[in-house]
There are 2 protein chains.
Amino acid sequence: MAGIKDVAAAAGVSAATVSRVLNAHPSVSEDARARVLAAVAELGYRPNAVARSLRTAQTRTLGLVISDVMNPYFTELARSVEEEARALGYSVIIGNADESPRLQDDHVRTLLDRRIDGLLVSPTDGGSPQMLDAARTGTPTVFVDRWIADVDVPVVRADGRAAIRDLVAHLHGLGHRRLAIIAGPAATTTGSERVDAFRAALGEYGLELPEEYVGQGDFQVASGRRATEAFLALPEPPDVVFAADNLMALGALDAMRAHGLVVPDDIALAAFDDIPWFVHTDPPITAIAQPTRELGRAAVRALVALIEGRRARSLTLPARLVVRRSCGAPPPSEEARTTRTTRPSRPRKRSNP
Amino acid sequence: MAGIKDVAAAAGVSAATVSRVLNAHPSVSEDARARVLAAVAELGYRPNAVARSLRTAQTRTLGLVISDVMNPYFTELARSVEEEARALGYSVIIGNADESPRLQDDHVRTLLDRRIDGLLVSPTDGGSPQMLDAARTGTPTVFVDRWIADVDVPVVRADGRAAIRDLVAHLHGLGHRRLAIIAGPAATTTGSERVDAFRAALGEYGLELPEEYVGQGDFQVASGRRATEAFLALPEPPDVVFAADNLMALGALDAMRAHGLVVPDDIALAAFDDIPWFVHTDPPITAIAQPTRELGRAAVRALVALIEGRRARSLTLPARLVVRRSCGAPPPSEEARTTRTTRPSRPRKRSNP
DNA sequence: ATCCTCCGTGTAATCGATTCCACGGAGCCC
DNA sequence: GGGCTCCGTGGAATCGATTACACGGAGGAT
């Protein structure tokens, strides 16, 4: 493969001049520039990014470590991150932590070894040594979706509190009074936050959230199934199950079906995180949608700001309630809304009465 | 950040010796090794992968360019690729081509600039210059899922013909006679191959595949909807719609619902590519499942073989039919099969009567 | 006792770019 | 016309590792 010296030789100039042409340095004569460009084209020369990175100490690569790539929410996040990064001239190396702190640490370590310019993480657990260390020793870092307390790192996330309040209002309006929730791991911020918001919203209607109505999940399908089965075994099972993420909602739906229950007639279901497939389930599932693509973009922009030495602030975008049929009342025009939900073309604020 | 010289100084040896210790070179005294290891631990030294790559001319990075990350099939593929690569000591940079040859080319170019050791591609279209060039000029390359004719590159893919024959047998057994298919883009191999197999299987039952029963899709939801609407507008609409991928099947389901049709009573639906969500749709969708995780693993192993100078052969794994309710007959024990379909723990051969 | 071999180690070249510095020449001002 | 300032250019250092080569010393064979 042709190197910069070959180009220099072919153009009859020095390697320094070739470099200047390629990096748009002003001090190059029109004549030399033309000859270099011609040589580059003829040899099909492409600069070696590895060598460049060594010299300039920047790789124009971002590391993204997420908890579960198979979760559609994170898939969409990863996609928008990659898109925005590409637009800004960065590549992305993705690591899947699979909700395991050990794996997360492992990924962070390799990413650091590769001298990525910045790190985008949705931390799996209270914290993992490598990552905290990276953040503290100055590697530009941004948290997405989840975060870790007491670490001075910008956080880009959605605030579901208003939407959860809307959801509870919706459920209460439909006559539901016994509301249960399947929580995420207590260690994750999203896990505990959603429970708190749910309890607070219930409080506004004078409702309690008894201990047995809080199921322990881990954001995976199986845990949703287990928690729901526990609810159904209760002497007084809930009217509604609210799953703190999409996969657990699917598990819950499974369990309800297995018990021969009809949703929403016998029991209602709602989920945090909206995904295209919720439109096609039986019945379509009412969910709280995060502005996922915007989150991904914003996270990348914040991270790049940090990399370029600018300051970056945390950002919280509102989530919004998308009413479908799984809680009872058929929404006025599901079909129309459906198509838009599948692929939001632009960010929108919450839209509800 | 500490460099190899700092370690050398701290251990009282030369940089060469440090390097030898780190690379398990035999010629190092036990004493020196111990001192180096101690210095490494104390300084928290991590070798700079960029510098190492420049010198050794290998990055231990793989490039993966896929057509659509949001498609669950490719998501799963990407995940298994990343897993296997990690196990073999490689990182993966993922590029999303979004079914656009231009974007695909763009990704291949950046990956090549970064001097990745090997390229894993599911080509979007007949071919894109950069990629063909890469393959020809010796960059280790492996095609997954799709491929390009006349290019000497190993292909790892699933063979759906047997499963499609099983599907047609299943449909015919249920009394369906007017079978339609929504094809993928003609330019992709998977697009045309599935139609051919379908037509051949119909032939075995003395059935025709008329032109108006072949819908043109592009592997996206919207095209499935459009094609299905065209079918339904026909004077003699089909009994069954077979979608050549999962997203188009979802679009088809949408269109059927919009026309007030009940699946499978009024019309049947089947899909190529099985995904966890097909269990939760209304009704659960009969599909042809590819051994996705195995494909990802095999592709990585083939690519690494190429990289290490060994030979790699193409590999074709069989897909298998998973019967659910969308074509008519209720399968004996859906619930039991459901849980296993969600996450196959080990590869299985086709299991059907 | 002498020579040869092997082992552990250090010196220096190398990978392919970027960039600091010096230098020659052209143009400008006085 | 002499001195100054720029401008375009090339030489050489540099980034942080790996590795070919040389070298001194220990130990074995004769």
Side-chain angles (χ1 to χ4, degrees), chain A residues 1-37 39-40 43-61 89 91 109-117 139, chain B residues 1-37 39-40 43-61 89 91 109-117 139:
Chain A
M1 187 158 277
I4 198 171
K5 287 180 172 174
D6 304 308
V7 177
V13 297
S14 74
T17 299
V18 175
S19 174
R20 279 189 275 256
V21 170
L22 265 31
N23 294 287
H25 186 102
S27 265
V28 180
S29 70
E30 208 42 61
D31 176 52
R33 175 187 316 280
R35 290 212 312 282
V36 167
L37 257 20
V40 165
L43 296 171
Y45 168 73
R46 301 248 78 212
N48 183 328
V50 177
R52 189 202 299 258
S53 291
L54 177 59
R55 182 63 233 250
T56 61
Q58 52 160 324
T59 50
R60 295 203 76 85
T61 302
S91 294
R109 199 188 338 266
T110 5
L111 290 170
L112 256 27
D113 285 355
R114 284 163 191 274
R115 300 299 191 266
I116 46 139
D117 293 341
T139 307
Chain B
M1 187 159 277
I4 197 171
K5 288 180 171 175
D6 304 310
V7 177
V13 297
S14 74
T17 299
V18 176
S19 174
R20 280 188 274 256
V21 170
L22 264 31
N23 294 286
H25 186 101
S27 266
V28 180
S29 71
E30 208 42 61
D31 176 52
R33 174 186 318 280
R35 289 212 313 282
V36 167
L37 258 19
V40 164
L43 295 172
Y45 167 73
R46 303 247 76 211
N48 183 328
V50 176
R52 188 202 301 256
S53 291
L54 177 60
R55 181 65 232 255
T56 61
Q58 53 161 320
T59 50
R60 294 203 77 87
T61 303
S91 294
R109 199 186 340 265
T110 3
L111 291 170
L112 256 27
D113 285 354
R114 285 167 190 272
R115 299 301 190 267
I116 45 139
D117 293 342
T139 307

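When reading the values below, keep in mind they use all heavy atoms of this one structure, side chains included, and skip hydrogens, waters and symmetry mates.
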What integer distance in Å separates [X]:[atom1] from [N]:[atom2]?
X	N	atom1	atom2	value
A/Gln58	D/dC15	CD	C1'	13 Å
B/Leu22	D/dT19	CG	P	12 Å
A/Leu43	C/dA17	CG	P	12 Å
A/Asp113	D/dG16	CG	P	15 Å
A/Arg114	D/dC15	CZ	P	23 Å
B/Leu54	D/dC15	CG	P	14 Å
B/Met1	D/dG16	CE	C1'	13 Å
A/Arg33	D/dT9	CZ	C1'	14 Å

Are A/Met1 and B/Arg115 packed together at the side-chain level, in the sense that at least one heavy-atom pair is separated by less than 4.5 angstrom?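 Yes, at least one pair of side-chain atoms sits under 4.5 Å.
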Can you check whether B/Thr110 reaches A/Arg60 side chain to side chain, under 4.5 Å on heavy atoms?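 No; the side chains remain at least 4.5 Å from each other.
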Reckon [X] touches a base, only the sugar-phosphate, or nothing at all at heavy-atom distances under 4.0 Å?
X	value
A/Ser29	sugar-phosphate
A/Val13	sugar-phosphate
B/Ala57	nothing

Between [N] and [X], is there an OP1 or OP2 to side-chain N/O distance shorter than 4.0 Å?
X	N	answer
A/Arg55	D/dT14	no
B/Ser19	D/dT18	yes
B/Asn23	D/dT18	yes
B/Thr17	C/dG10	yes

If you assign each of A/Asn48 and B/Ser27 to its closest nucleotide in DNA chain C, which residue comes earlier from the 5' end? B/Ser27
Of A/Val50 and A/Ala16, the one whose nearest nucleotide on DNA chain C sits closer to the 5' end is A/Val50
Shortest non-hydrogen pair, B/Val50 vs A/Leu54, comes out as CG1-N, 3.6 Å
Walk me through whether B/Arg109 and B/Asp113 qualify under salt bridge (charged side-chain N to carboxylate O under 4.0 Å, His left out). CA-CA 6 Å; B/Arg109 199 186 340 265; B/Asp113 285 354; over 6 Å; no
Determine whether a donor-acceptor pair (one donor, one acceptor, N or O, separation below 3.5 Å) exists between the side chain of A/Arg20 and the base of D/dG10.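 Such a pair exists between side chain and base.
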Would you please say whether a donor-acceptor pair under 3.5 Å links the side chains of B/Thr61 and B/Arg114?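 The answer is no; no qualifying pair exists.
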